[in-house]
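In what follows, a single structure is set out as structure tokens and then discussed.
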Amino acid sequence: MRLLRLLIATACAVFALAIPGVGPAQAAAAGPPQTIPALRQWTAGTGTYTFTDATRVVVDPAHTAQLADEAATFAQELGALAGRSVAVVTGSAATGDIGLSLGGAALPTEGYRMTVAGSLTIQAGTDTGAFYGTRSVLQLLHQSTAVPAGTAVDWPAKAERGLMVDQGRKFFTVDWLEQHIKELAYLKLNYFHFHLSDTFGFRLESSTHPEIVSADHYSKQDIADLVELGRKYHVTIVPEIDTPGHMNAVLAAHPELKLESSSGAVSNDFIDLSLPGSYALIEDLINEYLPLFPALYWHIGADEYVADYGKYPQLLSYARAHYGANATAKDTYYGFVNWADDLVRAGGKTTRMWNDGIKSGDGTLRPHPGIVVEYWYTYGLTPQQLADAGHIVANESWTPTYYVLGGPKPDTKWMYETWTPDRFEGGNTLSDPAKNPGSLIHVWCDIPTAETEEQIATGIMYPLRALAQQTWGSPKPAATYAAFTPLVAAVGHNPAWPGLAQPGNLALGRPTTASSTETANFPAAAATDGDPATRWSSAYSHPQWLQVDLGSTQNVSRAVLRWDGPARALPRPRP
């Protein structure tokens, strides 16, 4: 029944293909051009900018050195979008050109000014700001070759906006990671957290401890290439080697370091912090990998280690031997955190850790105040208590940022309509929101085989875009999530996203309307976005129709329907 309905809808759409309608540039005249995240400020002008076959990227000669990389990347993406090469030149932008320049000292670091007239120009205080301006241009040109005239001034509310993937439990291919570096950049997201070790794997090549490395892992050259791609796209890659818990893959090769309880029970995931060998191994790894990642941060994990310290008298003995007669067993954990922080700081970086191990009154030590604490659940100290102790507190709350394979998923509607990145798990807030740098979508692979890479990419598509909007903090482009989802489909993916190059597809990315949608996750625009992982689905009733505006009269040779199986070509329609 569903297939028949979609066939009928597509057949109806065939005769609508050649009917010019109202395009995005015309529709946007009543408001700002639509991007994700939305533009913070927009002042409408008169007229339209048009991208043509002669359009060039023109760099201000005074800033060629600073903007050369951004211009080259932008031209490459414009070429993928337009299906032709786009030249990069220096000079002044002429009609139809896109100009890049620096200046605007009053703009925030990641801010930019976009002026749309006969030419389109981006001016920013930094190369990062200019890069984000090019993201807006790509999204606008994805929707239409014409952009309404006006001026935008745009900047983010939060400094950290991005994605975490649990590579320790599930190995993600380098191709997938590369795709998502570009995808994050397309959405002005700038932070990629690599959770590189956990229950089922240790994913980094090691010269100091090759015995712990899983069969599926990244070479150091893989990481160098990913870091360089991140630099090119202004995405910071922050590594995490999870210690002293979740160390199953490491301890499988070093059973002598497993934590053993007083009853003789041996833990497969806790390393024994009373043993000198544990510190030697972890120090080897931190010192080996610190130079591999140029990011300012190093994540030590430090989550979910030992629920009942009374079972491990050796931890109490160690604490009293090292931290005084009044020390508690938990002080061994706190002492480890500070020891690891000393190593990280000696390497010129700032330590990050999860929040759940930091509690009140259970030790004589406290974690160093310079450590960034990532608050994910309501265990231990509140975000405000952590901030009062001197910590920057990142909002990595379970609700709504956790995407768990085989488990809960983000409530993206609630994320978009209600949540803000300053609302921590349990409704907690900070008196000074500036102490919260931002938030990420977190992909946790508790059941690694529950979803494929492709399914994960599809599953996080809408949450990433809702997070991009909320962490950027600009006025929402639509009041409801249902009204936001068609914009998600219209903006689509970055130009390098797999499967988007479809020569001869006249409907690709064109404005699309339908008689109905089953839910907000299946908008009409998904029928023509070129992404095989998305789709339009109508309501369960007859009749239904789909209309695609090609922008001009075209000769249509055939219409192809792809729906849960091989493509089905409909009979050739009349031109």
Side-chain angles (χ1 to χ4, degrees), residues 164-174 177 193-220 222-223 239-290 292-293 298-309 311-315 318 332-333 336-337 339-340 343 353-354 356-357 404-407 442-451 453:
M164 187 221 79
V165 289
D166 173 11
Q167 294 136 298
R169 293 186 180 94
K170 182 183 182 71
F171 180 75
F172 288 80
T173 63
V174 171
L177 298 173
H193 177 170
F194 281 13
H195 183 84
L196 291 161
S197 66
D198 211 304
T199 310
F200 304 128
F202 188 94
R203 304 299 184 187
L204 271 181
E205 173 190 352
S206 175
S207 57
T208 60
H209 290 281
E211 74 280 0
I212 71 174
V213 180
S214 301
D216 288 328
H217 68 273
Y218 307 104
S219 69
K220 291 183 179 179
D222 288 335
I223 295 298
E240 177 186 354
I241 302 298
D242 205 349
T243 58
H246 294 284
M247 294 190 68
N248 306 58
V250 174
L251 295 175
H254 287 278
E256 74 280 4
L257 300 180
K258 292 182 178 181
L259 183 64
E260 184 175 345
S261 73
S262 55
S263 66
V266 176
S267 170
N268 290 321
D269 60 343
F270 298 154
I271 199 168
D272 189 340
L273 291 178
S274 72
L275 300 176
S278 297
Y279 294 86
L281 186 150
I282 293 170
E283 182 174 7
D284 285 345
L285 296 176
I286 291 177
N287 286 336
E288 179 179 0
Y289 295 133
L290 276 174
L292 191 58
F293 296 90
W298 176 272
H299 204 304
I300 64 170
D303 60 315
E304 299 178 321
Y305 180 76
V306 178
D308 184 357
Y309 280 84
K311 294 180 179 179
Y312 306 101
Q314 69 269 42
L315 297 182
Y318 181 92
T332 295
Y333 165 83
F336 166 79
V337 166
W339 169 84
L343 286 178
M353 65 180 290
W354 302 105
D356 57 274
V404 182
L405 272 60
H442 302 80
V443 177
W444 290 105
C445 304
D446 292 29
I447 304 177
T449 58
E451 295 182 33
E453 285 187 342

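Contact of the Met247 side chain with the Phe202 side chain is not registered, since no non-hydrogen atoms from C-beta on lie closer than 4.5 Å. Annotation: side chain of Ile300 is in contact with side chain of Val337 (closest heavy-atom distance under 4.5 Å). Side-chain contact check for Thr332 versus Tyr309: every heavy-atom pair is 4.5 Å or farther apart. For the pair His195 and Asp242, the minimum side-chain heavy-atom distance is below 4.5 Å. Between Asp272 and Tyr312 there is no side-chain heavy-atom pair separated by less than 4.5 Å.
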Next on the checklist: Applying side-chain contact (heavy atoms from CB on, under 4.5 Å) to Val443 and Leu405, what does each step give before you reach the verdict?
Outcome noted: CA-CA 8 Å; Val443 177; Leu405 272 60; 3.9 Å; yes
Item to check | Verdict with supporting geometry, Phe171 and Phe200, side-chain contact (heavy atoms from CB on, under 4.5 Å) | outcome: CA-CA 9 Å; Phe171 180 75; Phe200 304 128; over 6 Å; no
Checklist entry - Between Leu177 and Val165, is a side-chain contact (heavy atoms from CB on, under 4.5 Å) present by the stated rule, with each step listed? => result CA-CA 9 Å; Leu177 298 173; Val165 289; 4.2 Å; yes
Only distances under 3.5 Å count here; give the side-chain donor-acceptor pairs of residues 248-257 to other protein atoms, sequence neighbours excluded, each with its distance to 0.1 Å.
residue : atom : partner : partner atom : Å
His254  : ND1  : Glu256  : OE2          : 2.9
His254  : NE2  : Glu211  : OE2          : 2.6

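Other residues, nucleotides and ligands contribute over 12 non-hydrogen atoms within 6.0 Å of the NZ atom of Lys220.
The backbone N or O of Glu451 lies less than 3.5 Å from a partner atom in the side chain of Lys170, making a donor-acceptor pair. With Glu304 contributing its side chain and Gly245 its backbone, the two residues share no donor-acceptor pair below 3.5 Å. In this structure, the side chain of Gln167 does not engage the main chain of Arg203 through any donor-acceptor pair within 3.5 Å.
Applying side chain to side chain contact (heavy atoms under 4.5 Å, CB included) to Asn287 and the options Asp284, Leu290, Leu285 leaves one that passes, Leu290.
With ring centers used as reference points, Phe194 lies 6.0 Å or more from Tyr289.
Glu205 and Ser219 get closest at one heavy-atom pair: OE1-CA, 3.3 Å. The two residues Pro244 and Ala302 come nearest to each other via the heavy atoms CD-CA, 4.0 Å. Listed here is the closest heavy atom pair of Asp166 and Phe172: O-CE1, 3.7 Å. Annotation for His299 and His193: closest pair CD2-CE1, 3.4 Å, computed over non-hydrogen atoms. Summarising the geometry of His209 relative to Ser206, their closest heavy-atom pair is N-OG, 2.8 Å, with the distance given to 0.1 Å. The nearest pair of heavy atoms linking Leu273 to Tyr305 is CG-OH, 3.6 Å.
Summarising the geometry, atom NE2 belonging to His246 is positioned 9.5 Å from atom OG belonging to Ser197; distances are rounded to the nearest 0.5 Å. A distance of 6.0 Å separates CD1 of Ile223 from CG of Leu292, quoted to the nearest 0.5 Å. Interatomic distance, Thr208 OG1 to Leu281 CG, rounded to the nearest 0.5 Å: 7.5 Å. The structure places CG of Asn268 at 11.0 Å from CG of Leu259, a figure rounded to the nearest 0.5 Å.
Note on ring orientation: taking the six-membered ring where Trp is involved, the planes of Tyr279 and Trp339 are perpendicular (angle over 60°, cut-offs 30° and 60°).
The closest side-chain donor-acceptor pair between Asp216 and Ser214, if any, does not fall under 3.5 angstrom.
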